[in-house]
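Since the structure comes first, as structure tokens, the remarks are kept for the end.
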Amino acid sequence: MLNSILSSPRVGVLEQALSASSLRQQTISNNIANVNTPNFKKSEVAFEDLLQDAMDNKKLQMVKTNSQHISTQKGNIPTPIVNVVDQTAFRTDGSNVDIDVEMANLAKNNIYYNAVVQQLGSYFTGIKSAIKEGR
């Protein structure tokens with residue numbers, strides 16, 4: 001029972017979203033730390049597009065709550081990946097890090113993280129309420 005609650009696709013997707021947010025925080029911090037490094041190329045984390053692609057192609061696994069349910073195609077939740085953006089140069093020293101863009105991305109990632117944590121908390125609050133029979 002507990003295993004089925006914790007292994008639901010919703011929890012898996014939210015868990016990967018938190019991992020993506022954490023990795024994005026580290027990546028943006030690295031970009032900011034190297035803002036004055038000549039020829040430094042910034043990195044970005046890709047997750048949402050991979051998740052959308054998996055959802056469009058129906059690669060995500062459905063939940064089976066009964067052994068008599070028809071099996072669906074199994075798929076994996078995509079993992080976040082880091083891409084180096086090396087095709088652009090923003091400044092004359094060859095670096096492509098814009099501190100204003102990085103700070104905006106940092107704030108955006110913070111909002112994203114809080115939204116994912118709120119969704120995960122809401123999921124477990126709903127389960128807790130169901131266990132307590134709505135009390």
(request) Measure across V45 and P80 and return the closest heavy-atom pair with its distance rounded to 0.1 Å. (result) CG1-CB, 3.9 Å
(request) Keeping the roles fixed (side chain from S95, backbone from R91), state whether a donor-acceptor pair exists under 3.5 Å. (result) no
(message) With no hydrogens and no angle check, just 3.5 Å: does a side-chain donor-acceptor pair link N30 and Q26?
(response) no
(message) I want to check something: taking the side chain as every heavy atom from C-beta on, are L23 and V82 in contact at a cut-off of under 4.5 Å?
(response) yes
(request) Flag yes if V117 and F124 sit in one hydrophobic cluster, no otherwise; membership is Ile, Leu, Val, Met, Phe, Trp, Tyr, and two members link when side-chain heavy atoms are under 4.5 Å apart. (result) yes
(request) Please tell me if the side chains of I32 and L106 come closer than 4.5 Å, counting only heavy atoms from C-beta onward. (result) yes
(message) Please find the pair of heavy atoms, one from E102 and one from V97, that lie closest to each other, and give the distance.
(response) CG-CG1, 3.8 Å
(message) Restricting to non-hydrogen atoms, name the atom on N96 and the atom on K42 that form the minimum distance, rounded to 0.1 Å.
(response) OD1-N, 2.7 Å
(request) For the pair S29 (side chain) and Q25 (backbone), establish whether a donor and an acceptor sit closer than 3.5 Å, ignoring hydrogens and angles. (result) yes
(message) Which heavy atom of F47 sits nearest to which heavy atom of T79, and what is that distance?
(response) CD1-C, 4.3 Å
(request) Examine distances only and state if a side-chain atom of N109 and a backbone atom of S21 form a donor-acceptor pair shorter than 3.5 Å. (result) yes
(request) Output the distance between atom CG (D56) and atom CG (L51), rounded to the nearest 0.5 Å. (result) 9.5 Å
(request) Identify whether V116 and M55 are in the same connected component of the hydrophobic contact network (ILVMFWY, side-chain heavy atoms under 4.5 Å). (result) yes
(request) Mind listing the closest non-hydrogen atom pair of S8 and Y123 along with its distance? (result) OG-OH, 3.3 Å
(request) Give, for atom CD of Q87 and atom NZ of K41, the distance between the pair rounded to the nearest 0.5 Å. (result) 9.0 Å
(request) Please report the shortest heavy-atom distance between N31 and S43, naming the atom on each side. (result) ND2-O, 2.9 Å
(request) Look at R24 together with E48 and state whether they make a salt bridge at an N to O cut-off of under 4.0 Å. (result) yes
(message) My understanding is that only one of L120, L18, I77 makes a side chain to side chain contact (heavy atoms under 4.5 Å, CB included) with V13; could you say which?
(response) I77
(message) Between I28 and M103, is there a side-chain heavy-atom distance shorter than 4.5 Å?
(response) no
